[in-house]
Amino acid sequence: MQVDIFTQVIVPVIGGLGIFMLGLEFMSNGIQSLAVNKMRAFLGQVAGTPVKGVMAGTFITGIIQSSTAMTVMVVGLVNAGVVGLRPAISVIMGANIGTTLGNGLIALPLGPLGLLLAGIFALVYIFAKTDKVKSIALACMGFALIFYGLNLMTGGLRPLRSMPEVMSVISSLRADNYLGLIYCVLIAAGITAMIHSSSATIGIVMGLGAAGVLDWKTAVAFSLGADLGTTVTSWLASLNLSKNAKRAAYAHISFNIIGVMITIPLFFVSMNVLTWVMQWFGGDPGVPVMVNGKETFPLVPVAVGLYSTFFNIFNTVLLFPFVGVFERVLMKVGASAIDDVEDYSQPKFLTPAAAKEPATAVPAVLRETGRYLEASLKFLDIARGKPDAPDKVEEHYAAMDVLNREIRGYTAGLFKADLPYARADLVASLIEEEDFTASLGEALYQIARRVERQPFGPAGRALVDTMLDQVADAMRAVVPIDQVSPPVMAAAAPRLPELAELRAQALRLGADLPWVERGAILALLGSAERAYFLIERIDAERRSVSRAVPAPAEAGAPQPGALVPAVQTAG
């Protein structure tokens with residue numbers, strides 16, 4: 001029978017792969033939006049020892065279904081000092097196990113039912129009124145699309161069996177000896193490195209195996225290569241990160257490479273064990289089943305999922321006793337000549353323990369707000385082109401946005417039903433100050449982004465540098481946050497004539513200043529003016545309500561006019 005390559009193979013395979021990967025993305029995004037902050041707090045609480053780290057890593061990654069998100073979370077907690085390097089290494093071991101739970105789910109024989117479920121949950125998502133319901137519907141829709149995408153790929157790959165030229169090429173990919181095994185592992189590793197998703201590679205392999213295009217043992221060997229190839233993604237993601245981030249990535253790379261090197265000599269023995277185990281999961285995966293008059297191999301995805309889970313559990317059990325050795329080696333190998341860049345996306349002081357008492361919670365909020373303002377100053381360093389400034393203004397802004405949301409959420413959580421008026425007034429004032437600091441960060445971000453995008457000639461650059469110096473000087477009124485008597489006044493009015501003079505200079509330069517640069521400078525001066533008024537407003541808010549925590553008995557009227565007490569920041 002003649003096979004129409006485009007309609008019978010290319011369309012369902014490409015479409016199925018896209019739907020499969022979209023389903024993974026939807027499921028991960030939906031679950032993370034529901035639980036990632038809670039999971040991060042949970043991880044910070046429980047991952048105090050290597051054993052707890054493995055358990056926490058397995059549990060959390062199994063829920064959020066994203067080992068990448070889990071690695072980023074761990075790196076941030078290490079940088080923030082919440083989790084030590086040793087338990088962080090064990091968390092990553094657990095994450096390797098947790099991510100295989102998704103492979104087990106993919107192997108479930110739901111087939112076309114996935115399209116029906118995806119449609120139902122898509123309607124729920126569209127008509128949902130709350131973010132929580134939308135996130136649940138998105139996760140469920142993604143879960144259903146995974147199965148439908150895999151079903152499409154399986155159907156599209158099945159016609160390849162009737163094409164001799166294709167089967168002759170694929171027949172050379174057989175893991176029936178050690179050389180063929182290594183070849184299959186390396187090919188799968190290369191594919192995974194290119195598409196940056198081990199789950200997608202395993203999904204493709206499951207489809208090929210279920211369609212009978214790949215021998216089941218060869219499909220299992222490809223899943224082993226997917227675990228190896230995913231380390232390339234970790235390495236690429238760590239290139240521009242801090243030393244601790246590199247160490248975490250190196251830990252992931254080391255685990256999988258060592259595990260694959262140990263597992264390859266044991267592969268054929270493990271295949272005998274897997275064949276025996278498959279008796280409890282339906283029988284021999286190499287025996288076809290007739291569906292609608294066509295041969296299919298529904299147990300191959302089950303075998304691939306089981307082996308992938310076994311490999312990561314075996315790898316963790318084998319390497320767990322050497323966590324201390326990994327830590328000592330990584331402290332040397334992971335070192336960089338460049339100092340760590342502080343991760344501003346992770347709070348340092350907003351711990352669950354501090355939130356229990358107002359006497360510790362308020363200073364924690366003040367210190368974290370101070371960090372946010374210090375991060376805002378980095379935008380001026382970016383605009384100046386300082387070598388120690390963050391490399392990418394957009395990434396720095398995104399990190400600060402995460403920190404601001406953490407601060408606001410933490411502060412809002414200080415409101416209690418029986419909170420005395422004085423304490424409620426203080427919490428409300430802190431929230432208002434956080435809003436002003438966020439707006440100030442936005443104004444400085446606009447300055448950095450405009451300077452970065454618009455090249456300036458000598459005349460224009462001189463005006464920009466003068467403006468940057470003036471804004472940096474004004475920031476001294478609110479940074480650092482523990483000043484009792486700031487060296488400069490926060491009032492905006494005395495600084496406005498300086499901006500007016502810069503504006504006049506820009507207009508008088510005429511042909512010496514191109515119109516594109518003149519427009520950018522006028523916009524920069526507008527952002528500087530907004531920054532001045534926000535600095536003044538932040539200072540006024542701090543003075544409107546005392547930052548000293550009122551005693552429980554002080555439940556009466558508010559205390560306007562008190563000066564901000566010094567808050568000793570941690571060194």
Side-chain angles (χ1 to χ4, degrees), residues 43-62 67-68 70-101 103 181-182 185-186 189 192 198 223-238 241-267 269-270 273 306-336 340:
L43 180 60
Q45 290 178 343
V46 303
T49 65
V51 174
K52 291 180 179 179
V54 171
M55 296 173 62
T58 302
F59 173 72
I60 296 175
T61 309
S67 56
T68 301
M70 187 66 188
T71 302
V72 171
M73 186 189 302
V74 172
V75 168
L77 291 172
V78 171
N79 280 346
V82 177
V83 177
L85 182 59
R86 179 175 294 195
I89 293 173
S90 63
V91 169
I92 295 174
M93 286 183 172
N96 281 347
I97 298 176
T99 195
T100 61
L101 298 179
N103 298 335
L181 171 62
I182 294 173
V185 168
L186 292 178
T192 306
S198 60
S223 73
L224 188 63
D227 283 309
L228 181 63
T230 193
T231 62
V232 175
T233 304
S234 299
W235 175 72
L236 290 174
S238 71
L241 300 181
S242 65
K243 285 186 287 188
N244 278 336
K246 287 184 172 66
R247 289 166 185 153
Y250 295 155
H252 184 215
I253 293 169
S254 302
F255 298 152
N256 286 21
I257 289 178
I258 294 173
V260 169
M261 291 176 64
I262 293 174
T263 306
I264 283 178
L266 303 174
F267 181 79
V269 175
S270 65
V273 175
L306 282 174
Y307 185 82
S308 181
T309 302
F310 166 79
F311 165 75
N312 284 285
I313 293 176
F314 172 77
N315 198 16
T316 299
V317 172
L318 183 69
L319 298 178
F320 181 77
F322 303 100
V323 168
V325 176
F326 273 104
E327 181 188 27
R328 290 192 294 271
V329 172
L330 290 172
M331 288 299 291
K332 298 177 182 178
V333 177
S336 170
D340 275 342

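From a predicted model like this one, the values you see are computed outputs, not experimental measurements.
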Checklist entry - Looking at side-chain heavy atoms only, is the closest gap between Val91 and Val54 below 4.5 Å? => result no
Next on the checklist: Are the side chains of Met55 and Thr58 in contact, using a 4.5 Å heavy-atom criterion?
Outcome noted: no
Next on the checklist: Rounded at 0.5 Å granularity, tell me how far CZ in Phe314 sits from CD1 in Ile262.
Outcome noted: 6.0 Å
Checklist entry - What heavy-atom pair brings Val185 and Val260 nearest, and what distance separates the two atoms? => result CG1-CG1, 4.3 Å
Checklist entry - Going by heavy atoms in the side chains, are Leu306 and Phe310 under 4.5 Å from each other? => result no
Item to check | Between CZ on residue Phe267 and CG on residue Leu224, distance to nearest 0.5 Å | outcome: 7.0 Å
Checklist outcome for this item: Here the gap from Ser270 atom OG to Tyr307 atom OH, rounded to the nearest 0.5 Å, amounts to 4.0 Å
Checklist outcome for this item: Here the gap from Phe311 atom CZ to Thr316 atom OG1, rounded to the nearest 0.5 Å, amounts to 9.0 Å
Item to check | Shortest non-hydrogen contact between Asn312 and Ser308, atoms and distance | outcome: ND2-O, 2.9 Å
Checklist outcome for this item: In this structure, CD1 of Ile253 is separated from CG of Leu228 (nearest 0.5 Å) by 10.0 Å
Checklist entry - Between atom CE of Met93 and atom CD1 of Ile313, what is the distance when rounded to the nearest 0.5 Å? => result 14.0 Å
